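Written below as structure tokens is the structure these notes are about.
Computed from a predicted structure; not experimentally measured.
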Amino acid sequence: MKQDQWWKKSIVYQIYPKSFQDTNNDGIGNLRGIIERLPYLEKLGVTVIWLSPCYQSPMDDGGYDISDYYEIDPIFGSMADMDELIATAKKHGIKLLMDLVINHTSDEHTWFKEALADPKSKYRDYYIFREGKNGQAPNNWRSYFGGSAWEKVPNEANMYYLHAFSRRQPDLNWENAEMREAIIDMINWWLEKGLGGFRIDAILNLKKPKNLYKSYPSDGEDGLAFIGKQILNQPGILDWLHELDNRCFRKYNAFTVSEADVADDALTDYVGPNGVFRTTFDFSYTDIDLPATGEWYLSHKWSVAELKAHINHHQLKAQKIGWGVQYLENHDQPRSINKYIPEADRNDTTKKMLATLFMMLHGTPFIYQGQEIGMENIRMHDMNDYDDIATYEMYNRALLAGQSKSEAFDAMFKRSRDNSRTPMQWNDSKHAGFSTATQTWLKTNPNYKAINVSSQEDNPNSVLGFYKQLIELRKADNVYSDVTIFGQFVPVAYKQEKLIAYKRVLNDKELLILVNFSNEPLITNLDSTFKYTVLDNLSPSELEADKIALKPYQSIILANYN
Ligand code: GLC
């Protein structure tokens with residue numbers, strides 16, 4: 001039976017619950033806040049929410065450290081609020097995706113507490129414990145957040161446990177069948193509530209090599225070696241993922257999007273017709289500013305040609321194999337305007353240009369909260385203003401690698417995950433209308449008086465107004481929706497390096513997207529069949545029969561029909 005792939009027509013909006021809307025004045029967002037804002041999301045055109053974790057958690061890693069999969073953390077509300085959120089969202093035509101974090105739990109999960117309290121408990125094997133070697137950790141892996149991936153067990157002479165992320169996020173042992181059953185039960189319990197599906201966290205890390213006593217040549221100042229190289233996408237992982245898919249996701253026709261940067265030759269296994277997930281995130285153009293090793297205190301100088309090449313490559317392979325998603329921002333990324341556009345050129349025009357470029361690509365668009373109003377990175381006063389655990393680890397590594405404190409601090413402004421985690425900017429009142437608390441959990445960006453929902457809501461020329469128009473192009477009653485959703489992506493090569501151009505093609509209906517990714521005007525040839533302007537970030541555009549003059553950072557969508 002061919003199932004309805006409803007997610008292809010979806011507009012997804014990611015909510016970071018700590019920062020969306022506070023209703024009980026504790027300076028932290030909550031589920032009731034999300035319920036209150038559902039009309040806003042519906043008006044924007046959103047049909048799916050991806051909610052970053054709101055399960056019970058000590059919040060060592062912003063909720064990606066879960067201590068009880070069956071509870072909502074009290075800072076966010078209760079399970080009754082969650083049920084109400086799912087039901088009310090449905091009334092607004094919105095489905096909910098939860099974040100599924102099953103590579104690790106919190107060290108406060110009862111399984112882990114039992115494992116520590118009693119080495120003979122069955123829970124010991126739910127995690128990855130190993131004896132040390134020569135008085136040291138079993139191997140020299142560096143965790144994703146920095147420092148050894150092994151933590152010494154307190155009160156035991158020579159015992160360590162593995163954590164790919166923070167030491168408070170012990171990795172689960174997926175070799176243990178009973179543990180896997182418990183996870184399957186939990187996933188189905190959530191699906192029974194009527195979820196639309198899951199965003200699946202850090203999933204390629206599940207399978208670890210058999211021999212955990214092998215060290216590797218160090219690739220950093222700290223004498224350690226990057227863990228990702230050793231544990232990502234190990235042979236055998238697909239068996240477990242197929243089981244999850246067959247026993248959970250497919251049964252409910254759930255949408256699954258995995259955080260899995262899969263190599264081209266393995267992509268079919270993941271997102272092909274018989275793949276384990278419905279789709280997966282691509283990292284190539286969102287991590288374009290990072291060095292290959294992922295150390296984000298360093299940056300990679302990229303070019304528009306490189307960005308174009310990444311987009312083309314990703315789009316062509318995703319549409320060939322299965323279905324892609326596109327995104328500019330998420331809770332791990334800085335704000336897109338800061339990443340892609342030089343400081344002097346950051347304005348509404350460039351924000352709209354980025355929106356055009358990404359929203360018109362093939363695949364389901366994911367918008368991260370605040371992106372639709374053009375929120376920007378935050379200048380913190382000093383390191384104490386940051387909350388994110390990875391920011392602290394990265395700052396320390398920068399110092400260890402010889403950067404000065406001010407260089408390292410500057411790198412945090414560019415790349416810290418807290419840049420996108422600041423409170424949502426609703427209006428120009430205190431804390432941007434996010435909270436009436438004296439202090440919010442993370443500072444509100446001081447630019448909220450200029451950048452907020454209220455000031456843009458009724459203005460079609462605002463960034464928000466522009467996003468609404470882009471979303472509108474994907475709605476069923478729009479004349480262009482079949483092409484924006486199902487049209488093939490076809491790159492168009494122009495000689496101008498800073499012109500990114502592509503078509504979306506469905507039979508004889510075509511859209512042409514032209515993006516001048518530079519601060520200089522350019523003139524280019526134009527196929528005269530593209531007579532109709534669908535959307536332009538600068539108006540009016542100078543369209544002639546066979547050529548077009550694009551202003552700096554102009555982006556325009558043209559059509560051969562209307
Ligand atoms: C994913 C999440 C990130 C989290 C990590 C560990 O990469 O997106 O926020 O820190 O997994 O769970």
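Donor-acceptor pairing under 3.5 Å is lacking for the side chains of S420 and Q333. Y252 and E192 form a side-chain donor-acceptor contact under 3.5 Å, judged by distance and modelled atom types alone. A donor-acceptor pair shorter than 3.5 Å can be found between the side chains of Y127 and T105. Side-chain atoms of S299 and D289 include no donor-acceptor pair closer than 3.5 Å. A donor and an acceptor atom, one from each side chain of S57 and Y64, are nowhere located under 3.5 Å apart. There is no side-chain donor-acceptor pair under 3.5 Å between D26 and W441.
When all heavy atoms are compared, the tightest approach of S435 to T440 is CB-CG2, 4.0 Å. Of all heavy-atom pairs between A182 and Y70, the closest is O-OH, 4.3 Å. A pairwise comparison of heavy atoms in N330 and Y327 identifies ND2-CE1, 3.7 Å as the closest pair. Residues I49 and L38 approach most closely at CD1-CD2, 3.8 Å, considering heavy atoms. Across every non-hydrogen atom of I75 and N30, the tightest pair is O-CB, 3.8 Å.
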- Message: Could you walk me through whether R130 and W150 satisfy the side chain to side chain contact (heavy atoms under 4.5 Å, CB included) test, starting with their C-alpha distance in whole Å, then the side-chain angles of each, then the deciding distance to 0.1 Å, before giving a yes or no?
- Response: CA-CA 9 Å; R130 288 289 184 283; W150 295 93; 3.8 Å; yes
- Message: Go through it in stages, so that I can follow the logic: the residues are S67 and S106, the test is side-chain hydrogen bond (donor to acceptor under 3.5 Å, both in side chains), and I'd like the CA-CA distance, side-chain angles, deciding distance and then a yes or no.
- Response: CA-CA 5 Å; S67 55; S106 158; 5.0 Å; no
- Task: Please step through side-chain hydrogen bond (donor to acceptor under 3.5 Å, both in side chains) for the pair T391 and D388, ending with a clear verdict.
- Result: CA-CA 5 Å; T391 301; D388 171 34; 2.7 Å; yes
- Message: I'd like to know whether T444 forms a side-chain hydrogen bond (donor to acceptor under 3.5 Å, both in side chains) with Q425, so could you lay out the CA-CA distance, the side-chain angles of the two residues, the decisive distance to 0.1 Å, and finally the verdict.
- Response: CA-CA 8 Å; T444 306; Q425 294 166 202; over 6 Å; no
- Query: When you look at Y126 and H109, which way does the side-chain hydrogen bond (donor to acceptor under 3.5 Å, both in side chains) test go after all the steps?
  - Reply: CA-CA 11 Å; Y126 277 32; H109 195 287; over 6 Å; no
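The aromatic rings of Y386 and F409 sit perpendicular to each other, their planes meeting at more than 60°, with 30° as the lower class boundary. By the 30° and 60° cut-offs, the orientation of the rings of Y69 relative to Y55 is perpendicular.
Partner of F226 under the ring-ring contact (aromatic ring centres under 6.0 Å, His included) criterion, out of F145, Y144, Y216: Y144 alone. Under the side chain to side chain contact (heavy atoms under 4.5 Å, CB included) rule, L244 has a single partner from I102, L100, I200, V276, which is I102.
You'll find the side chain of N338 reaches within 4.5 Å of the side chain of F413, heavy atoms only. Residues T279 and V257 meet the side-chain proximity criterion, which asks for heavy atoms closer than 4.5 Å. Contact of the S218 side chain with the L224 side chain is not registered, since no non-hydrogen atoms from C-beta on lie closer than 4.5 Å. Y270 is listed as a side-chain neighbour of L241, based on a closest heavy-atom distance under 4.5 Å. Side chains of H314 and H310 form no contact here, defined as non-hydrogen atoms less than 4.5 Å apart.
Note on E181 versus R247: salt bridge recorded, some NZ/NE/NH1/NH2 to OD/OE distance being below 4.0 Å. A salt bridge links R32 with E84; the closest basic N to acidic carboxylate O contact falls under 4.0 Å. Salt-bridge formation is not detected for the pair R180/E175: no Lys NZ or Arg NE/NH1/NH2 atom is positioned less than 4.0 Å from an Asp or Glu carboxylate oxygen. No salt bridge links D418 with K443; every basic N to acidic carboxylate O contact stays at or beyond 4.0 Å. No salt bridge links D60 with R167; every basic N to acidic carboxylate O contact stays at or beyond 4.0 Å. Salt-bridge formation is detected for the pair R421/D332: a Lys NZ or Arg NE/NH1/NH2 atom is positioned less than 4.0 Å from an Asp or Glu carboxylate oxygen. D385 and R379 are not joined by a salt bridge, as no carboxylate oxygen comes within less than 4.0 angstrom of a charged side-chain nitrogen. Checked for salt-bridge contact, D245 and R278 meet the test: a charged N lies under 4.0 Å from a carboxylate O. Here D61 does not pair with R168 in a salt bridge; the nearest charged N to carboxylate O distance is not below 4.0 Å.
Using a distance-only test at 3.5 Å, with no hydrogens or angles considered, a donor-acceptor pair links the side chain of N205 to the main chain of A202. A donor-acceptor contact shorter than 3.5 Å is absent between the side chain of E156 and the backbone of K152. Judged by distance alone, with hydrogens and angles left aside, the side-chain atoms of Q326 form a donor-acceptor pair with the main-chain N or O of F358 at under 3.5 Å.
For F277 and W323, the ring centers are positioned 6.0 Å apart or more. A distance of 6.0 Å or more separates the ring centres of H163 and F112. Aromatic rings from Y13 and Y368 are positioned such that their centres are separated by 6.0 Å or more. Here Y448 and F434 keep their ring centres 6.0 angstrom or further from each other. Under the 6.0 Å cut-off for aromatic ring centres, F249 and W7 do not qualify, their centroids lying 6.0 Å or more apart.
To the nearest 0.5 angstrom, I337 atom CD1 is 13.5 Å from M375 atom CE.
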